[in-house]
Amino acid sequence: MLAALLICAAAAATLAAASGVPLKPGSKLSRHPKSQSAKPRRHVNPALVRRLRKTAWRWQTVIGVRHAHSMAPLHSPRALQYWRRQVRHVSWLAAHPPHKRGWLCIHHFEGSWSDSGDPYWGGLQMDRGFMHTYAPRFLLRKGLANRWTPLEQMWVAERAHRSGRGYGPWPNTARYCGLL
């Protein structure tokens, strides 16, 4: 009789555990349905996402591509992941201009990246007209080319190159480098 009672109690405990109904609050077999299905929500700082978006948009402006947009709310983990991926991608693109070897060779013969000698500025020796034509935003926000980063200077030169001027603004040094 005692064996039958133990078998019935074990069957009831197994049935209760399988159905998700708690036996006792402190028992090992009790299950709390809320703890199983609910994942902890991760809080994302929207200021961090805005900073990532601003960085991505800055480099997208520098390299001349359209700004990326996300429909995810700024406080969501999906937005954080999206903007981190955008910053990684656009930073890699910005660090590898298409004619980087050519620009570095021209820079070798022209001057330092912070050269402020009038009438040419920067490592690629850009004059005011060149800067005004190919980088008016940089000229307004940062001043003359000697205040720009080397990558920004190379991307402005790349913009001139893509417009059809090629290496024409640097005829002698481009010839020394074998680019003309």
Side-chain angles (χ1 to χ4, degrees), residues 34-108 110-170 173-174 177 179:
K34 195 173 186 179
S35 66
Q36 264 185 357
S37 62
K39 291 183 180 179
R41 292 198 85 178
R42 188 172 149 214
H43 175 72
V44 174
N45 186 355
L48 171 64
V49 178
R50 279 191 205 96
R51 193 167 57 244
L52 288 168
R53 181 179 65 184
K54 183 179 176 181
T55 302
W57 284 354
R58 177 184 174 272
W59 284 111
Q60 287 168 344
T61 300
V62 167
I63 66 175
V65 296
R66 197 178 275 179
H67 287 185
H69 293 283
S70 172
M71 297 301 291
L74 290 178
H75 58 80
S76 70
R78 198 170 87 208
L80 179 66
Q81 179 184 12
Y82 176 80
W83 288 111
R84 277 186 177 158
R85 192 171 48 243
Q86 282 295 320
V87 167
R88 232 181 356 257
H89 176 69
V90 79
S91 296
W92 187 89
L93 286 176
H96 299 88
H99 301 99
K100 187 174 183 175
R101 283 184 55 202
W103 302 129
L104 290 174
C105 182
I106 289 173
H107 155 68
H108 176 73
E110 290 288 346
S112 75
W113 292 113
S114 59
D115 186 9
S116 61
D118 195 22
Y120 300 104
W121 292 269
L124 299 175
Q125 296 293 286
M126 301 177 198
D127 64 2
R128 287 181 189 266
F130 187 90
M131 290 184 276
H132 182 70
T133 303
Y134 297 107
R137 285 185 179 177
F138 289 144
L139 196 55
L140 284 174
R141 289 195 178 129
K142 294 184 119 182
L144 299 170
N146 61 321
R147 294 181 168 188
W148 305 348
T149 66
L151 279 175
E152 289 170 340
Q153 292 180 40
M154 284 189 266
W155 276 103
V156 169
E158 185 64 35
R159 193 171 295 139
H161 187 276
R162 288 179 179 175
S163 74
R165 291 192 66 184
Y167 295 105
W170 306 272
T173 52
C177 294
L179 301 170

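From a predicted model like this one, the values you see are computed outputs, not experimental measurements.
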Relative to the ring of His107, is the ring of Trp113 parallel (under 30°), tilted (30 to 60°) or perpendicular (over 60°)?
parallel
So which atom in Asp115 and which in Gly117 form the shortest heavy-atom distance, rounded to 0.1 Å?
OD1-N, 3.2 Å
Separation of Glu158 CD from Ile63 CD1 (nearest 0.5 Å)
11.0 Å
Phe138 and Val62: CA distance, side-chain angles, deciding distance, side-chain contact (heavy atoms from CB on, under 4.5 Å) verdict
CA-CA 9 Å; Phe138 289 144; Val62 167; 3.4 Å; yes
Within the distance-only criterion (no hydrogens, no angle test), does the side chain of Gln153 pair as donor or acceptor with the backbone N or O of Gly122 below 3.5 angstrom?
no
Indicate the ring-plane relationship of Phe130 and Tyr134, choosing parallel, tilted or perpendicular according to the 30° and 60° boundaries.
tilted
OH on Tyr82 to CG on Leu74, rounded to 0.5 Å:
12.5 Å
Step by step, would you call Arg84 with Leu48 a side-chain contact (heavy atoms from CB on, under 4.5 Å)?
CA-CA 10 Å; Arg84 277 186 177 158; Leu48 171 64; 4.1 Å; yes
Closest non-hydrogen atom pair between Gln86 and Ala68, with its separation:
OE1-CB, 3.5 Å
Do other residues, nucleotides or ligands put more than 12 heavy atoms under 6.0 Å from Lys54 NZ?
no
For Met126 against Ala157, the heavy-atom pair lying closest together
CE-N, 4.5 Å
Separation between CG (Asn146) and OH (Tyr120), nearest 0.5 Å, reads 15.5 Å
Is the number of heavy atoms from other residues, nucleotides or ligands within 6.0 Å of CZ (Arg85) greater than 12?
yes
Rounded to the nearest 0.5 Å, what separates atom CG in Leu93 from atom CD in Gln60?
9.0 Å
Could you grab the distance from atom NE2 of His96 to atom OG of Ser91, nearest 0.5 Å is fine?
11.0 Å
His108 atom NE2: more than 12 heavy-atom contacts under 6.0 Å
no
Test item: Ile106 and Leu179 side chains (from C-beta on) under 4.5 Å apart, heavy atoms:
yes
On a heavy-atom basis, the closest approach of Ala174 and Tyr167 is CB-CB, 3.7 Å
Taking atom CZ of Arg147 as the centre, report whether more than 12 heavy atoms of other residues, nucleotides or ligands fall under 6.0 Å from it.
no
Kindly assign one of parallel, tilted or perpendicular to the pair Trp83 and Trp57, based on the angle between their ring planes and the thresholds 30° and 60°.
perpendicular
Could you go step by step and tell me if Met71 and His69 meet the side-chain contact (heavy atoms from CB on, under 4.5 Å) rule?
CA-CA 7 Å; Met71 297 301 291; His69 293 283; over 6 Å; no
Suppose we screen for salt bridge (charged side-chain N to carboxylate O under 4.0 Å, His left out). Which residues come up paired with Glu152, at least two apart in sequence or across chains?
Arg58, Lys142
Closest approach of Ser163 and Ala160, non-hydrogen atoms and distance?
OG-O, 2.7 Å
Please check this pair: side chain of Gln125 against backbone of Gly111, looking for a donor-acceptor N/O pair closer than 3.5 Å.
no
Could you tell me whether the side chain of Lys100 and the main chain of Leu151 form a donor-acceptor pair under 3.5 Å?
no
The reported gap from CG in Leu52 to CZ in Arg88 (rounded to nearest 0.5 angstrom) is 10.0 Å
Taking only residues at least two apart or on different chains, which pairs with a member in residues 62-77 satisfy salt bridge (Lys or Arg N to Asp or Glu O under 4.0 Å)?
none
Does the side chain of Trp155 come within less than 4.5 Å of Pro98's, by heavy atoms?
yes
Between Trp170 and Leu124, is there a donor-acceptor pair closer than 3.5 Å when you use the side chain of the first and the backbone of the second?
yes
Please report the closest heavy-atom contact between Leu144 and Arg128, naming both atoms and the distance.
CD2-NH1, 4.1 Å
